[in-house]
Amino acid sequence: TVDAQPDLVLVMTSSPRRVVAPGAEVEMTMALKNVGTAPAENVVLTLPTDTATFASATGGGSANSDDVVWPAIASLTVSDTATSFTAKLTAGADDSVIQTQVSVAGTTEGGASVSDTSNLITLRVANEADPVLTAAFDPENFVPGQEIRLTFDIENEGSTQLSSGTLVVPLPRDTSLATAPTSTGASCTEAACTIPVDALAAGGSATASVSLIVDADSSLTRLAGGGAL
């Protein structure tokens, strides 16, 4: 026989993700769930903060020396839905680093120990821009001979302005340009489109897109596309 056991899974994210201004706050979000076959008891979360200063926390978390600690959760039931906890930390001086990894510890109903450790989060403390470029097709599925749009979201998740630049979009295999980008200064060849991108303030965002025609005789079952900022 196999005894029922809890199985704790812990994932942490941060906002901002990579760069925080000196003296600014970064929010750590911890998603905790039990994907095992029995409840976990006496669950405690511990977030080291020795590389930043504690500001606040939700869910009963509080500062304890160089840590943020969430005291024992009476019981964490089995569920595919995560319970979230957040903590806000204040960044230190310029050119420093915030690096932390949250841990969880608990027991089985019989008293045996269970635990898990999250992914490591590292942020630079600096006045820097941090461009993030994501791409998606609209619609998600394509039909040979019909139009499909490749759309880019450009975000500045840094702590200072991102200077103006260009987005270069190679045309995907088995496609041709349907409509030229309307941005002032944009240009296209048979191989790629170049689209100017205006400066973005910290937290700012912009979009750009290229309309394509998938070749009518294409044998592709999957369309791949991307760009470089």
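Please read all numbers here as calculations on a predicted model, not as lab measurements. Sequence positions, counted from 1, serve as the residue numbers for this chain.
Under a hydrophobic clustering in which Ile, Leu, Val, Met, Phe, Trp and Tyr are joined whenever their side-chain heavy atoms come within less than 4.5 Å, directly or via other members, M28 and V19 fall into different clusters. Hydrophobic clustering (side-chain heavy atoms under 4.5 Å, transitive across Ile, Leu, Val, Met, Phe, Trp, Tyr) keeps V69 apart from F85. When the side chains of ILVMFWY residues are joined at heavy-atom separations under 4.5 Å, either directly or via intervening members, L177 and I195 end up in a single hydrophobic cluster. Linking ILVMFWY side-chain heavy atoms closer than 4.5 Å, directly or via other members, places M30 and V11 in two distinct hydrophobic clusters. By the criterion of side-chain heavy atoms lying less than 4.5 angstrom apart, applied directly or through intervening Ile, Leu, Val, Met, Phe, Trp or Tyr residues, L123 is not grouped with V132; the two fall into different hydrophobic clusters.
Between the side chains of E27 and S15, no donor N or O sits under 3.5 Å from an acceptor N or O. Residues T194 and T166 bring no donor and acceptor atom of their side chains to less than 3.5 Å of each other.
Taking D66 as the reference, D50 meet the side-chain contact (heavy atoms from CB on, under 4.5 Å) condition, with sequence neighbours excluded.
For the side chain to side chain contact (heavy atoms under 4.5 Å, CB included) test with D174, the passing option among I213, D215, L212 is D215; the others fail.
The local environment of CG in D198 is sparse, with at most 12 non-hydrogen atoms from other residues, nucleotides or ligands closer than 6.0 Å. The 12-atom threshold is exceeded at CG of N119, counting heavy atoms of other residues, nucleotides or ligands nearer than 6.0 Å.
Between T117 and L10, every side-chain heavy-atom pair lies at or beyond the 4.5 Å cut-off.
The salt bridge (Lys or Arg N to Asp or Glu O under 4.0 Å) contacts involving residues 113-142 comprise R18-D130, R124-E128, where partners must be two or more places apart or lie in separate chains.
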